[in-house]
Amino acid sequence: MRKQTFLIPTLSALLFSTAILPNKIYADEANMNSRADEQADSIQVSKSGQGEASQNASSETPETSSTSATSDEAGQTNNQQAKWILVNNQSEENTTPENQEKTSTETPQDSASKSNQDITILHTNDVHGRMVEDDKNGVIGDAKLASVVEASRQQGQTLVFDAGDSFQGLPISNSSQGEDMADVMNSIGYDAMTVGNHEFDFGLYQLKRLKEKLQFPILSSNIYVNGTRLFEPSTIIDKTSDQDGDEFVVIGVTTPETATKTHPDNIKGVTFAD
């Protein structure tokens, strides 16, 4: 089977960009009794499944027109959709009588299959040690973050990323030079993170310690120490090892301005490529 690979570049300033994969569109087939007095507002469906618009087609919503026009093409694509969310990933469904009838006839296996093909991507960035909830400043804290992540995982496949600047910032994290923050991130179960411009604030040696402490990869493709790349440039995430074509490649990139955002003693011998 030919593998398909999805690339997610992870940036320190901007985490990544994803391709929103088209979801297979299910077209309902219906047989309607044609009556002369109902032709103005009905749609007749031929045996081949191709619908002919009635004289009242102008009342059709733009969304319905778009769905009808693209159903044949989308039906040939991989039935998978990547959804980018921060907190809420609930999507609205068309609740027409036809859809309600179709939903009632779906088997549990059909519903489970659709749920497993949805991918939810959660990301954090510039946390700066804010582990504790702070309503005054709009900080949800890591306890609530863990609940959000767990709820998303219960609904389907979920990827969790951090775009850097996590370990340094508040005394609660600075007191352990980011190690307590690393423990919390391990507990939440991040899939990957990249190196932000403040990850060197505790020095190169401590950053290497944090790298070893993390139970998920910390990535950067453009940081070198004496000519040798310091971190892995990318990682492959495969949540379903028994399936081909649903792997995610995550690429880490760190802003070169890091060289001027931390003390020079913290980055001796370190270079940041373009």
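Position 1 is the first residue of the sequence; numbering continues from there. What's counted below: heavy atoms across the whole structure, side chains too, no hydrogens, waters or symmetry copies.
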Does any part of the side chain of F248, heavy atoms only, come nearer than 4.5 Å to the side chain of I119, both counted from C-beta? yes
Between H123 and Y190, is any pair of side-chain heavy atoms under 4.5 Å apart? no
Take atom CG of D274 as the centre, draw a 6.0 Å sphere, and report whether it contains more than 12 heavy atoms from other residues, nucleotides or ligands. no
I'd like to know if V139 and I172 are part of one continuous hydrophobic network [Ile/Leu/Val/Met/Phe/Trp/Tyr, side-chain heavy atoms within less than 4.5 Å]. no
Test side chain to side chain contact (heavy atoms under 4.5 Å, CB included) on F216 and N186 and set out the steps. CA-CA 7 Å; F216 53 88; N186 284 337; 3.5 Å; yes
CD1/I121 to CD/Q157 distance, rounded to the nearest 0.5 angstrom? 11.0 Å
Have N197 and T255 got a donor and an acceptor in their side chains that come within less than 3.5 Å? no
Centroid separation Y205 to F200 less than 6.0 Å: no
Check L214 against M193 and note the closest heavy-atom contact, atom names and distance. CD1-SD, 3.9 Å
On a heavy-atom basis, the closest approach of F231 and L219 is CB-C, 4.3 Å
Would you say the side chain of L230 lies within less than 4.5 Å of the side chain of V270, judging by non-hydrogen atoms? no
Side chain to side chain contact (heavy atoms under 4.5 Å, CB included) between T120 and L122, intermediate numbers included: CA-CA 7 Å; T120 298; L122 301 170; 4.3 Å; yes
Quick one: does F161's side chain get under 4.5 Å of V250's, heavy atoms only? yes
Show the nearest heavy-atom pair for residues N222 and T254, with the distance to one decimal. ND2-O, 2.7 Å
Checking F202 now: which residues fulfil ring-ring contact (aromatic ring centres under 6.0 Å, His included) with it, not counting sequence neighbours? none
With R209, which of K213, K211, Q206 fulfils side chain to side chain contact (heavy atoms under 4.5 Å, CB included)? Q206
Is atom CD of E232 surrounded by more than 12 heavy atoms (other residues, nucleotides or ligands) closer than 6.0 Å? no
Check the pair V149 / S152 against side chain to side chain contact (heavy atoms under 4.5 Å, CB included), numbers first and verdict last. CA-CA 5 Å; V149 171; S152 181; 5.8 Å; no
Any idea which heavy atoms bring T194 and G252 closest together, and the distance? OG1-CA, 3.6 Å
Side-chain heavy atoms under 4.5 angstrom apart, residues restricted to Ile, Leu, Val, Met, Phe, Trp, Tyr: same cluster for L204 and F167? yes
Of all the heavy-atom pairs spanning S166 and S173, show the shortest one and how long it is. O-OG, 4.5 Å
If two hydrophobic side chains count as joined below 4.5 Å and joins carry through other members, does L170 share a cluster with M185? yes
Take a 6.0 Å sphere around NZ of K239 and say whether it holds more than 12 heavy atoms from other residues, nucleotides or ligands. yes
Ignoring hydrogens and angles, tell me if any N or O in the side chain of E199 forms a donor-acceptor pair with the backbone of D165 under 3.5 Å. yes
Is the shortest side-chain heavy-atom distance between E150 and I188 below 4.5 Å? no
Any L210 side-chain heavy atom under 4.5 Å of E179 side chain: yes
Rounded to the nearest 0.5 Å, the CG atom of D244 sits from the CG atom of D242 at a distance of 9.0 Å
With a 4.5 Å limit on heavy-atom distance, are the side chains of F272 and T258 in contact? yes
Would you sort out whether N174 and Q168 count as a side chain to side chain contact (heavy atoms under 4.5 Å, CB included), showing the intermediate values? CA-CA 6 Å; N174 291 352; Q168 173 274 346; 4.0 Å; yes
Please answer whether the main-chain N or O of S221 pairs with a side-chain N or O of R229 as donor and acceptor at a distance below 3.5 Å. yes
Side-chain heavy atoms under 4.5 angstrom apart, residues restricted to Ile, Leu, Val, Met, Phe, Trp, Tyr: same cluster for I218 and Y224? no
Residue pair D201 / H198, side-chain donor-acceptor N/O under 3.5 Å: yes
Heavy-atom pair with the smallest gap, counting every atom of S220 and V195: CB-CG2, 4.0 Å
